[in-house]
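Here is the structure we will look at.
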There are 2 protein chains.
Amino acid sequence: MKLELQIKMNPSLYIRDPEQSELGKNIIKHSIQLIHDNGFEAFTFKKLAESIGTTEAGVYRYFENKHKLLVYIISWYWGWIQFQLNYQTNNIKDPIVKLKKVIKLLSTNVEDDITTGHVDESQLHQILISEGSKAYLTNHVGKDNKQQFFQPYKDLCNAIGDIILECNPKYKYPHSLASTIFEMAHLQNFFMNHLPSLTDFSKSKNESEIIKYLEDLVFKSIRE
Amino acid sequence: MKLELQIKMNPSLYIRDPEQSELGKNIIKHSIQLIHDNGFEAFTFKKLAESIGTTEAGVYRYFENKHKLLVYIISWYWGWIQFQLNYQTNNIKDPIVKLKKVIKLLSTNVEDDITTGHVDESQLHQILISEGSKAYLTNHVGKDNKQQFFQPYKDLCNAIGDIILECNPKYKYPHSLASTIFEMAHLQNFFMNHLPSLTDFSKSKNESEIIKYLEDLVFKSIRE
DNA sequence: TATTTATGATAGTATTACTATTATTTAAAA
DNA sequence: TTTTAAATAATAGTAATACTATCATAAATA
């Protein structure tokens with residue numbers, strides 16, 4: 001038996017579960033590829049269908065619209081990060097070491113994980129940097145939230161918040177600091193590569209400087 | 001003579017300068033209104049034209065497309081914040097007091113400023129919270145950057161970075177911290193109102209808790 | 001007064017974001 | 001094994017969006 005990591009997805013995100021068919025998996029795979037290559041604005045179901053070798057109507061049978069598809073893949077990433085977080089901090093006792101792992105996990109462009117066949121985690125990380133906030137920065141965020149679309153993100157911030165509280169139980173802003181780490185791990189990366197004068201990192205360098213910045217920010221914030 | 005605050009805009013953002021005509025001013029005014037009310041995705045030049053009482057073609061004579069119009073109004077905000085920053089910190093010597101002013105300025109939903117007739121700064125602040133990052137989170141950020149569209153944002157982060165360095169000349173990440181303050185002042189506000197469990201602030205409260213969080217974050221970060 | 005310039009009115013195109021229909025293939029149930 | 005159901009492919013069509021083009025008219029300027 002082949003072991004494949006399955007991230008549990010919110011069924012309201014799709015019409016037909018893309019994990020359950022080849023076409024479905026292809027939709028996810030090629031969506032990630034296309035959004036990574038050309039950005040979400042340029043992404044259309046027609047282009048996606050062409051790239052897979054199916055028709056537009058075929059894609060619409062899986063996803064209502066391209067926004068839900070974006071939320072689906074970003075949701076998948078949130079779930080995957082949650083899994084990695086649990087896995088990587090599993091046997092660690094020192095919360096400071098745990099928090100460092102988290103910062104590194106969020107900031108680092110991971111290599112593609114073989115246990116998830118149709119998802120390229122490296123491209124997905126890039127998508128989160130450029131498109132991640134578009135999942136919630138919409139007019140219908142309230143509706144989407146009612147449908148629990150952002151639950152995996154909340155769970156993640158809760159988990160990170162718990163580690164922060166383990167480091168310092170008196171720290172007042174564990175959730176805000178968690179969402180700040182998550183968002184800034186991505187945004188400082190975007191700035192580093194595209195608008196470097198908004199950062200103190202040299203363009204096209206690797207993520208180690210961002211990690212140092214975030215560690216400095218976080219550990220100074222939570223020390224008593 | 002009536003004194004009106006004029007923010008110097010990058011001419012590449014527009015085809016015809018909207019400050020120079022009634023129609024132009026109306027385009028800005030109604031754009032802010034419509035984007036504020038319905039979000040940028042739902043915003044079209046047709047709706048804008050209808051709301052002004054002109055035609056689509058009329059709007060296209062001023063702006064090439066809706067993205068440039070968005071960058072225009074966000075650019076205007078960056079310039080306005082820069083002006084407010086200079087004005088409000090003008091005679092202050094203590095850099096810590098200055099930095100507190102900056103945090104408050106970025107976090108607070110200002111009242112509409114009478115010196116800028118056709119711009120509602122309060123709505124503009126809301127637009128920055130929900131749409132601000134869409135100005136640069138595009139596929140063509142490189143092109144836009146070459147045309148200096150983000151210069152006012154860079155100038156702003158430089159100015160804030162300078163204040164940070166006044167507080168602690170040895171602090172290593174003045175620009176990153178500046179962009180973090182700017183972005184988080186907006187994003188934590190968005191989260192507070194729409195996804196409150198990503199923060200430690202209670203929904204619909206005013207911005208004072210965000211200010212406290214940011215002050216805590218910043219001053220712990222830069223203390224020696 | 002002549003002439004440039006801005007606006008208004010109208011038309012038209014390519015693309016996007018869908019919905020609907022029917023035929024065909026594949027897979028599951030009887 | 002046949003029947004039936006479900007998934008997909010192929011095609012068509014619509015409303016809205018994001019533009020471009022043209023021409024007449026009004027207002028400002030030379």
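Since we're looking at a predicted model, the values are computed, not measured. Side chains are part of it too, since the values below use all heavy atoms of this structure and drop only hydrogens, waters and symmetry mates.
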Within the structure, does a side-chain N or O atom of Lys46(A) lie under 4.0 Å from either OP1 or OP2 of dA17(C)?
-> no

Can a side chain N or O of Arg16(A) be found less than 4.0 Å away from OP1 or OP2 on dA7(D)?
-> yes

Between Lys134(A) and Glu41(A), is there a side-chain N and carboxylate O pair less than 4.0 Å apart?
-> yes

Distance check: side-chain N/O of Thr55(B) vs OP1/OP2 of dG8(C), anything under 4.0 Å?
-> no

Along DNA chain C (nearest heavy atom to each residue), the more 5'-positioned of Glu22(B) and Glu56(B) = Glu22(B)

Does dA6(C) have OP1 or OP2 sitting under 4.0 Å from an N or O in the side chain of Tyr62(B)?
-> no

Would one find a side-chain N or O of Thr44(B) under 4.0 angstrom from OP1 or OP2 of dA16(D)?
-> no

In short, Leu137(A) meets Ile129(B) closest at the heavy-atom pair CD2-O, 4.1 Å

Just how far, in rounded Å, is C1' of dT16(C) from CZ of Phe40(A)?
-> 13 Å

Closest non-hydrogen atom pair, Trp78(B) against Phe149(B) | CZ3-O, 3.8 Å

Donor + acceptor pair across side chains of Tyr62(B), Ser21(B) (<3.5 Å) | yes

Pick the nucleotide of DNA chain C nearest each of Gly24(B) and Lys47(A); which residue has the one closer to the 5' end?
-> Gly24(B)

Do Glu64(A) and dC18(C) have a side chain to base donor-acceptor pair shorter than 3.5 Å?
-> no

Assign Phe45(A) to base, sugar-phosphate, or nothing according to its heavy-atom contacts below 4.0 angstrom with the strands shown.
-> nothing

